[in-house]
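This report refers to the structure that appears directly beneath it.
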There are 2 protein chains.
Amino acid sequence: MSKRSGILEFAVLGLLRESPMHGYELRKRLNTSLGVFRAFSYGSLYPCLKTLVIQGWLIEESVVDSDPPATPLAGRRAKIVYRLTAAGKEHFEELLAHSGPDAWEDEHFAARFAFFGQTSKDVRMRVLEGRRSRLEERLEKMRASLVRTRERLDDYTLELQRHGMESVEREVRWLNELIETERAGRSTTRPESEHAEQDTHDNNQENGGRPENRGTA
Amino acid sequence: MSKRSGILEFAVLGLLRESPMHGYELRKRLNTSLGVFRAFSYGSLYPCLKTLVIQGWLIEESVVDSDPPATPLAGRRAKIVYRLTAAGKEHFEELLAHSGPDAWEDEHFAARFAFFGQTSKDVRMRVLEGRRSRLEERLEKMRASLVRTRERLDDYTLELQRHGMESVEREVRWLNELIETERAGRSTTRPESEHAEQDTHDNNQENGGRPENRGTA
DNA sequence: TTCGTCATGTAATGGGTTACATGATTAC
DNA sequence: GTAATCATGTAACCCATTACATGACGAA
């Protein structure tokens, strides 16, 4: 088992779940839709794709399309398109549902959140709550350490700590709102038109909840 | 040149600047005072210490203290105490003043900030402003990408982006306040003179900023 | 024809972690 | 005497990056 784990694998599977793509495009989506929190390079993406193929989660579809492009933009010749296999899909579901101890860390959480649109409500709740309690643990530690060392620290270090804690607290509040919204319910503001895509995903979640937002202030 | 760069080296030099320590203690301070933003393991710390010694920034002082401990806590026997050399100190100053392109990234910034207590005012200003403009660039990109892709994203992805941007915006406001405080706060800039090597650093700034948050990358 | 973007990859390196191995000292 | 913590280290691996190498295609 290559244990080729990590966020990249997860994100690739998640993106390919929506629709097949080739590496280049995948990378762009990784760095826009998901890229808010992290950027990946080809040097990691391509090798990752290979191992995913080997493991059977993906299949390569060489699109050696040599036709004259119908439209200049749409017809661009794509070399290798990756498509999620049934096994891959299954694997992705497992990853989503799995609650390992590091599943609540910053980047893991963000990656999971990014795919909430394809996640069932109960899993969403577990993820949000898991994250929250992880953050609360962290706050505990910070507070404890602050109490222990308050005197010995200079103002800047203190300010840094304070700022860090405040950030965490804010995220907790954010999670609280999201959780409440999830709980409250349906809302179903889901623009997601389910057209095309021979992809019959029927594990489904009717919902897409519109999370709370908070005015900047 | 080993290019042994990175935050760890920087943080180690910074901590040892305050006072000599041995590895174990160093690591604890790394994960408390500074550890709010990052934790290091022995596996990275000890090798790092070695190369720093080789480069001449540190010297090892074997404290084979075999005396009966005077006080139970204070007298603990320490194996290897590391002390910053003059060259090391110089090097640290250079690192502080240096404004490389990655100097403004999350962790680099946090590390520098943590040592503001021993940093001259002008350097502090440069760091704060550098960080701010880095964040503003980031905001630009986020906004641009948001405009480009707004329609194609589901509500959760959108919420994630929004939350991310808000975090960055908050940090910008925080920086604004800090910068203002620096500007207003006259001095205590801890005169660069350091005529004597006497390192009695009494840095005090009553900064009073009531700043806000920062994001989880 | 040259430049920018699309498109795919590899080798070397980086900066760190985990798990392991070892042993002294203190607290119970 | 045994467990916790102090204290130092090494080897194997992990996940990713950088820099490089290659090449097709469209637009100026």
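A note on names: the letters A, B, ... follow the listed sequences, proteins ahead of strands, and every chain is numbered from 1.
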Got a sec, which residues hit ring pair (Phe, Tyr, Trp, His ring centres under 6.0 Å) with [X], two or more places apart in sequence or on another chain?
X: A/F109; result: A/F113
X: A/H91; result: A/W57
X: B/F115; result: B/F10, B/F92
X: B/Y46; result: B/Y42

| Results of salt bridge (Lys or Arg N to Asp or Glu O under 4.0 Å) for A/E169 - residues two or more places apart only |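 Listed in chain order: A/R143.
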Would you mind reading off the distance between [X] atom [atom1] and [N] atom [atom2], rounded to a whole angstrom?
X: B/R27; N: C/dT17; atom1: CZ; atom2: C1'; answer: 11 Å
X: A/L45; N: C/dT10; atom1: CG; atom2: P; answer: 12 Å
X: B/E107; N: C/dG15; atom1: CD; atom2: C1'; answer: 11 Å
X: B/H22; N: D/dT5; atom1: NE2; atom2: P; answer: 16 Å
X: B/F10; N: C/dG15; atom1: CZ; atom2: P; answer: 15 Å
X: A/Y24; N: D/dA24; atom1: OH; atom2: P; answer: 17 Å
X: B/D102; N: C/dG14; atom1: CG; atom2: P; answer: 14 Å
X: A/H108; N: D/dC14; atom1: NE2; atom2: P; answer: 14 Å

Presence of [X] side-chain N/O under 4.0 Å of [N] phosphate oxygens OP1/OP2:
X: A/S41; N: D/dA16; answer: no
X: A/S44; N: D/dT17; answer: yes
X: A/K79; N: D/dG23; answer: no

| message | For B/E171 and B/R134: C-alpha separation, side-chain torsions, deciding distance, then whether salt bridge (charged side-chain N to carboxylate O under 4.0 Å, His left out) applies. | response | CA-CA 11 Å; B/E171 189 176 344; B/R134 179 72 195 69; over 6 Å; no
Which pairs, protein N/O on one side and nucleotides 9-13 of chain D N/O on the other, fall under 3.5 Å?
residue, atom, partner, partner atom, Å
D/dG9, O3', B/K50, NZ, 3.4
D/dT10, OP1, B/K50, NZ, 3.1
D/dT10, OP2, B/K50, NZ, 3.0

| field | Pair A/R162-A/E166, salt bridge (charged side-chain N to carboxylate O under 4.0 Å, His left out): steps then yes or no | value | CA-CA 6 Å; A/R162 200 197 55 68; A/E166 206 175 284; 2.5 Å; yes
